[in-house]
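Have a look at the structure below before the remarks.
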Amino acid sequence: MTAKARTRFAPSPTGELHIGGVRTAIFSWLLARHTGGEFYIRIEDTDRERYVPGATRRILEAFDWLGIDLDGGPDHDELRAMPSNEDYPGALDDGEYKGIPGPFVQSQRLPLYKQWAEWLVAHGYAYRAAETPEELSRMRAEAQARGQTFVFREEMRLRTDVRPDEPHVIRMRVLPRDGQTEFDDLIRGHLTFDNAQVDDQVLLKMDGFPTYHLAVVVDDHLQGVTHVLRGDDWLPSAPKHVLLYRYFGWPEPRWAHLPNVLGTDGKKLSKRHGAQSVFEFRDQGYLPEALINFLALLGWAPGGGDEQNVFTRDELIAKFSIERVGSSPATFDYNKLDWLNGVHIRRLSDADLAERLIPFLERAGICIDSPARRELLLKIAPHIKERLKKLTDAAPLVDFFFADISTPPMDALIGPKMDRQSSLEALRATYRLVESFEPFEDAPLEQAMRALCAELQLKPTQLFTIVRNAVTGKPVTPPLFATMAILGRETCLTRLARAISCLQSPGE
RNA sequence: GCCCCCAUCGUCUAGUGGUCCAGGACGCGGCCCUUUCAAGGCCGAAACACGGGUUCGAGUCCCGUUGGGGGCACCA
């Protein structure tokens with residue numbers, strides 16, 4: 001086993017946890033767990049404009065649901081206890097989790113960023129500047145017009161006499177100006193960037209908040225992060241971070257820029273691609289097990305002749321390796337997710353399945369609000385298990401167990417290649433059988449019904465189709481005899497009787 | 001516009017110079033099983049973007065083209 005890795009997932013509280021972000025989190029978590037290291041969450045809320053109240057709590061809830069365990073981060077319980085949408089009641093987790101120093105929310109670490117930004121200024125790696133947004137966008141437009149990438153440089157400052165006590169920003173100095181910055185990426189290999197293309201990035205904003213660039217570097221170092229995993233949209237600014245580590249004289253973490261996840265249209269996954277929030281997947285009936293399995297496979301494969309596709313979370317942890325993550329972008333495929341979800345549903349115990357089904361059934365108007373109904377659901381579970389792709393598929397398969405049915409239309413009660421009269425006789429014969437047959441159980445019932453088929457000179461399909469429609473009100477159901485046994489003799493008789501009178505009514 | 005990244009079946013991928021007329025999985029088609037629907041089993045169609053090199057030999061290495069993606073903020 002390799003050395004322990006400490007990784008973090010660093011979302012900004014600007015909305016729901018996006019599925020692409022979840023994949024990054026999963027890879028980071030897998031790496032940490034595989035090596036016996038730590039995985040934690042740090043909230044990057046340095047942009048006050050985009051901050052969304054309640055987002056932090058939602059992010060944490062998403063991790064709870066996914067079953068991704070954390071070794072640090074904002075306190076779940078404290079957040080949960082809060083009545084409002086407010087995220088930070090006050091001091092929060094400024095303690096330490098498993099040796100990782102908090103706080104885990106950047107807005108509570110402001111003095112740190114200020115201190116290190118000043119350190120950079122004092123050591124000649126950064127300088128003060130005070131150009132207005134308008135001035136900057138003009139400079140940018142000019143560069144664009146010249147066909148160049150806009151790169152801010154110290155000598156472009158409009159005011160060179162910025163004092164520490166007046167409003168200003170602190171920008172990093174990219175050095176050497178005409179050199180190159182090189183580093184190794186676990187996924188891309190050796191990378192080289194021309195410093196001439198790298199901006200003298202703002203590190204400390206005028207409002208005293210750091211930008212991402214300063215904050216990640218300071219926090220990752222202070223919190224002992226060994227591997228930085230993030231989307232490859234960060235690649236172009238990676239040299240800035242590498243440079244910062246070198247200015248500070250801090251040991252560099254290992255870099256791993258993950259390829260993006262694309263929607264079916266080949267574009268980066270976004271709002272328009274159906275579900276994007278973890279909660280949407282949850283509400284659509286996906287299992288966290290399946291989602292994690294699927295997302296891990298999006299970019300990672302065990303390799304070495306191992307062709308396993310279905311993984312439990314422990315198997316994933318055992319086999320995962322960051323080096324085996326591919327470098328090309330992957331397309332999100334709902335077909336495969338659906339299949340995997342079905343596989344994981346089939347692996348659930350009956351009790352577990354029943355439990356997870358409850359909220360979905362209730363949403364469909366089937367209330368599982370008594371011990372008897374729970375018991376009933378538990379009995380049904382094994383018979384629908386292999387018929388589900390998503391938890392939302394269950395309701396139409398089980399509704400007739402929980403509520404009365406409306407009598408099916410007459411043509412549904414007439415068997416294939418049969419007429420009304422023969423169907424009527426078949427139903428009557430079935431009624432008589434059901435009335436007295438013992439034991440009223442799955443296998444014996446099937447045996448008896450098959451014997452009845454022979455007696456009536458009907459094919460199983462003919463008889464069973466009519467009975468299915470009569471007893472359940474629908475053409476597609478779980479296996480008939482298990483269904484009848486669970487429904488119980490009385491219910492079957494009632495529904496059979498109704499079907500019989502339905503067939504009778506027009507004529508007799 | 002400038003910079004960066006990527007490129008094997010429709011999709012996720014295996015493949016690290018010869019064992020690849022390219023393997024697995026999803027999806028798709030067919031068959032079997034079968035009381036419906038599923039699940040399961042078997043079979044099948046389906047890919048190395050293109051062009052140059054290097055090499056005895058290239059999916060595998062190099063260059064270019066094309067295509068796709070991303071970045072160019074006092075956003076992350």
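Since the model is a prediction, treat every value here as computed from it, not as a measurement. Numbers restart at 1 for each chain; the letters A, B, ... are given by sequence-line order, proteins then strands.
Remark: A/Y247 pairs with A/Y125 by the ring-ring contact (aromatic ring centres under 6.0 Å, His included) rule, at least two apart or across chains.
RNA chain B is contacted by no residue of residues 177-184 of chain A, taking any non-hydrogen atom closer than 4.0 Å. Looking at residues 303-312 of chain A, you'll see A/G303, A/G304, A/E307, A/N309 sit with a heavy atom under 4.0 Å from some atom of RNA chain B. Interface residues of residues 140-160 of chain A facing RNA chain B, ordered by number: A/R140, A/Q144, A/G147, A/T149, A/F150; criterion, heavy-atom separation under 4.0 Å.
Each of B/C12, B/C74, B/C5 was ranked by its minimum atom distance to the side chain of A/R188; first place goes to B/C5.
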Task: Sequence-aligned protein contact record of nucleotides 30-41 of chain B, with B where the base is within under 4.0 Å of a protein heavy atom and S where only the sugar-phosphate is - done: -----BBBBSS-
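Taking atom P in both B/G53 and B/A58, one finds a spacing of 12 Å when rounded to whole Å. Here, B/U13 and B/A49 have their P atoms 15 Å apart, quoted to the whole Å. Of the P atoms belonging to B/U11 and B/G71, the separation is 23 Å, rounded to the nearest Å.
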Return a table of donor-acceptor pairs under 3.5 angstrom between the side chains of residues 154-164 of chain A and protein atoms on other chains or two or more places apart.
unit_1 : atom_1 : unit_2 : atom_2 : d
A/E154 : OE1    : A/R173 : NE     : 2.8
A/E154 : OE1    : A/R173 : NH2    : 3.1
A/E154 : OE2    : A/R173 : NH2    : 2.5
A/E155 : OE1    : A/R177 : NH2    : 3.2
A/E155 : OE2    : A/R177 : NH1    : 3.2
A/R157 : NE     : A/R128 : O      : 3.1
A/R157 : NH2    : A/R128 : O      : 3.1
A/R159 : NH2    : A/A130 : O      : 2.8
A/R159 : NH2    : A/E135 : OE1    : 3.2

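Taking side-chain N and O atoms only, A/S327 has no distance below 4.0 Å to OP1 or OP2 of B/C5. Between A/K205 and B/A76, a side-chain N or O to OP1/OP2 separation shorter than 4.0 Å is present.
Salt-bridge formation is detected for the pair A/K474/A/D399: a Lys NZ or Arg NE/NH1/NH2 atom is positioned less than 4.0 Å from an Asp or Glu carboxylate oxygen. Electrostatic pairing of A/R138 and A/E134 does not count as a salt bridge here, judged by no charged N lying under 4.0 Å from a carboxylate O.
Residue-environment remark: CD (A/Q115) exceeds the threshold of 12 foreign heavy atoms within 6.0 Å.
Backbone-only contact: A/P210 has heavy atoms under 4.0 Å from sugar-phosphate atoms and none from a base.
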